[in-house]
Amino acid sequence: TKDREEEELSKIAIAADLAMAREKESTQEELEGMGTTLVSILLRDHIVYWIHIGDSRMYHFVDNTLKQITIDQTFARLLVEEGEITEEEAKTHYSRKVMDQCIGFGDFVPETGSFPVKKDDLVILSTDGLHKKIKHQEFNDILKENNSLKEKASLLTDAAIKSGGSDNITMLLCKVK
């Protein structure tokens with residue numbers, strides 16, 4: 001059931017948060033202030049169950065169309081939700097780069113959900129070093145190409161680097177069997 005899968009994913013997030021907090025305590029100042037994002041999936045019976053904290057993202061590539069599933073948990077998003085700024089203003093607002101949720105501080109509210117998948121769909125997990133450097137259309141076009149997952153990942157990485165990417169570029173491409 002959906003509740004069971006989402007509960008399992010939440011347990012993983014809580015365990016990661018506690019592990020990071022313990023590590024930060026044991027290393028004194030060198031890790032002070034450190035936090036991280038999380039996007040994770042569990043695939044069962046052609047349903048993807050997911051959890052999301054921060055600004056790493058999940059996409060679903062189905063029928064040659066890239067769909068963003070998660071929404072970055074940033075202060076800009078919070079300001080939009082509270083009516084303080086518009087969606088348009090959020091695109092350039094300084095707070096678009098400031099996360100309001102992350103793992104490592106013991107206080108986060110994960111977002112969870114699920115969606116059906118079929119054979120040959122792709123589920124993509126990525127850090128902001130990838131998705132904030134590649135335009136959505138270019139991302140979609142690379143995934144459309146008739147290449148292996150390894151080649152798609154390489155092309156996406158190259159595109160992010162060519163666009164000035166200097167942050168961590170991490171992705172996971174999953175093809176449904």
Side-chain angles (χ1 to χ4, degrees), residues 1-62 66-82 95-119 121-134 139 143 149-150 152-153 156-157 160 165-177:
T1 66
K2 179 180 177 184
D3 290 339
R4 187 179 78 205
E5 279 79 4
E6 289 180 4
E7 183 179 321
E8 288 301 313
L9 289 168
S10 291
K11 285 179 185 177
I12 291 167
I14 291 166
D17 183 68
L18 291 172
M20 181 174 277
R22 278 193 301 272
E23 186 67 22
K24 284 169 36 176
E25 285 176 12
S26 70
T27 58
Q28 299 176 3
E29 293 180 22
E30 61 194 59
L31 299 180
E32 187 176 328
M34 185 179 81
T36 192
T37 65
L38 173 73
V39 61
S40 185
I41 64 171
L42 184 140
L43 175 62
R44 185 172 286 150
D45 299 324
H46 284 86
I47 303 287
V48 170
Y49 300 92
W50 57 269
I51 189 166
H52 169 252
I53 302 159
D55 65 353
S56 289
R57 289 185 188 165
M58 179 178 46
Y59 296 88
H60 181 203
F61 186 71
V62 57
L66 183 64
K67 298 176 182 179
Q68 184 178 331
I69 303 296
T70 58
I71 300 171
D72 297 351
Q73 292 180 314
T74 63
F75 280 117
R77 175 183 167 193
L78 186 64
L79 291 172
V80 168
E81 289 172 356
E82 292 180 353
S95 66
R96 75 188 184 286
K97 297 179 180 180
V98 181
M99 288 187 297
D100 81 332
Q101 300 287 319
C102 68
I103 288 181
F105 294 94
D107 184 28
F108 59 87
V109 180
E111 294 177 346
T112 59
S114 63
F115 59 93
V117 290
K118 62 186 187 317
K119 187 178 185 303
D121 284 5
L122 296 179
V123 177
I124 301 99
L125 310 179
S126 71
T127 60
D128 61 345
L130 177 71
H131 58 255
K132 288 188 179 172
K133 289 298 178 182
I134 300 178
F139 201 154
L143 293 174
L149 291 181
K150 186 176 182 177
K152 289 177 192 301
L156 288 167
T157 301
S166 59
D167 197 357
N168 174 355
I169 301 171
T170 303
M171 75 192 86
L172 177 66
L173 304 177
C174 309
K175 187 172 187 177
V176 178
K177 298 277 183 180

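One is the number of the first residue; the rest follow in order along the sequence. Below, all heavy atoms of this structure are taken into account, side chains as well, without hydrogens, waters or symmetry copies.
- Residues H52 and L38 are not in side-chain contact: their nearest non-hydrogen atoms beyond the backbone lie 4.5 Å or more apart.
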Working for side chain to side chain contact (heavy atoms under 4.5 Å, CB included), residues V123 and I41: CA-CA 9 Å; V123 177; I41 64 171; 4.0 Å; yes
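- Counting only distance, with no hydrogens or angles, the side chain of D128 and the backbone of S56 share no donor-acceptor pair below 3.5 Å.
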Worked verdict on V98 versus T74 for side chain to side chain contact (heavy atoms under 4.5 Å, CB included): CA-CA 5 Å; V98 181; T74 63; 6.0 Å; no
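- Between T170 and S126 the shortest side-chain heavy-atom distance does not fall below 4.5 Å.
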Trace of the salt bridge (charged side-chain N to carboxylate O under 4.0 Å, His left out) decision for R4 with E8: CA-CA 6 Å; R4 187 179 78 205; E8 288 301 313; over 6 Å; no
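- For K177, the NZ atom is loosely surrounded, since the number of other residues' heavy atoms within 6.0 Å does not exceed 12.
- The shortest non-hydrogen separation linking A160 to L130 is CB-CD1, 4.0 Å.
- Ion pairing between D55 and K97 fails under the 4.0 Å rule for side-chain N and carboxylate O.
- Atom CG of L79 is separated from atom CG of D100 by 9.0 Å, given to the nearest 0.5 angstrom.
- Residue-environment remark: CG (N168) exceeds the threshold of 12 foreign heavy atoms within 6.0 Å.
- Contact annotation: the side chain of R57 never approaches that of V39 to less than 4.5 Å [non-hydrogen atoms, C-beta and beyond].
- Side-chain contact check for I124 versus C174: every heavy-atom pair is 4.5 Å or farther apart.
- Not less than 6.0 angstrom separates the ring centroid of F139 from the ring centroid of H131.
- Using modelled atom types, no side-chain atom of T37 and backbone atom of G54 make a donor-acceptor pair closer than 3.5 Å.
- Contact annotation: the side chain of H60 approaches that of V117 to within less than 4.5 Å [non-hydrogen atoms, C-beta and beyond].
- Side-chain atoms of Q101 do not come within 3.5 Å of backbone N or O of I53 as any donor-acceptor pair.
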